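Please read these numbers as outputs of a predicted model, since none were measured by experiment.
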Amino acid sequence: MEYKNIVVAVDGSKAAENAFNKSLDIAKRNNSRLILAHVVDSRTFATAEAYDRSLSDRAETYAKELLNSYVETAKGAGITDLARVIEYGSPKVKIAKEISKSFHADLIICGATGMNAVERFLIGSVSESITRYAPCDVLVIRE
């Protein structure tokens, strides 16, 4: 099976960087379109923004700079069919249920989380949620 549309979830973490690096190899082997996806988890700053209104602007600036950096790296690696998407909301929902469908993804690549067992029990990991709800194959990259 060849993958034609690969979504890679990036958030600036080491785990996401590992996922991105793996996605380059897979995209080249399959001659795939690589969709770089970043979801600004707006729930994390909704309350704090009452005190600092620039948080959403800074989050968007960070997201654009992050994706631009990944685009340049991907182009340097020979990937020419690229897309980037920035969404707001829950990464668990946006990546698995919305971004993957809107780009007709047949593979989602994400990094494994570094959360401890208590955090996973209470809130669940993004990678676990993507694996559970994605309509396509999911590859979770460990360090």
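Under the 4.5 Å side-chain heavy-atom criterion for ILVMFWY residues, no single connected hydrophobic cluster contains both Ile108 and Val93. A continuous path of ILVMFWY side-chain contacts below 4.5 Å connects Ile109 to Leu82, so both sit in one hydrophobic cluster. Hydrophobic clustering (ILVMFWY, side-chain heavy atoms < 4.5 Å, transitive): Tyr133 and Val39 are in distinct clusters.
Here the side chains of Ser32 and Ile26 are not in contact, with every heavy-atom distance at 4.5 Å or above. The shortest distance between side-chain heavy atoms of Leu36 and Phe20 falls below 4.5 Å. At least one side-chain heavy atom of Ile79 sits less than 4.5 Å from a side-chain heavy atom of Lys28. Side-chain contact check for Tyr70 versus Glu17: some heavy-atom pair is nearer than 4.5 Å. Considering only heavy atoms from C-beta on, Lys64 comes within 4.5 Å of Ile86 through its side chain.
Between Pro91 and Gly89, the closest heavy-atom pair is CD-O, 3.5 Å. Between Asp41 and Ser90, the closest heavy-atom pair is OD1-CA, 4.4 Å. Smallest separation of non-hydrogen atoms from Val40 and Ala59: CG1-CB, 3.7 Å. Minimum interatomic distance between Cys110 and Ala19 (heavy atoms only, all atoms of both residues): C-CB, 3.6 Å. The two residues Thr131 and Ser127 come nearest to each other via the heavy atoms OG1-O, 2.8 Å. Between Ala96 and Pro135, the shortest heavy-atom contact is O-CD, 3.2 Å.
Arg33 is linked by a salt bridge (charged side-chain N to carboxylate O under 4.0 Å, His left out) to Asp81, counting only residues two or more places apart in sequence or in another chain. Qualifying salt bridge (charged side-chain N to carboxylate O under 4.0 Å, His left out) partners for Asp137, counting only residues two or more places apart in sequence or in other chains: none.
Looking only at atom types and distance, the side chain of Arg142 has no donor-acceptor partner in the side chain of Asn18 under 3.5 Å away.
Between the OG1 atom of Thr73 and the CG atom of Leu24 there is a distance of 7.5 Å, given to the nearest 0.5 Å. Rounding to the nearest 0.5 angstrom, the gap separating the NZ atom in Lys94 from the OG atom in Ser102 is 9.5 Å. The SG atom of Cys136 sits 6.5 Å away from the CG atom of Leu107 when rounded to the nearest 0.5 Å. Atom CG of Asn30 and atom OG of Ser23 lie 11.5 Å apart (nearest 0.5 Å). In this structure, CG in Asp11 is found 7.0 Å from OH in Tyr62, a value given to the nearest 0.5 Å.
Screening Leu66, Ile99, Val8 against His38 for a side chain to side chain contact (heavy atoms under 4.5 Å, CB included) leaves a single residue, Leu66.
More than 12 heavy atoms of other shown residues, nucleotides or ligands fall within 6.0 angstrom of atom NZ in Lys4.
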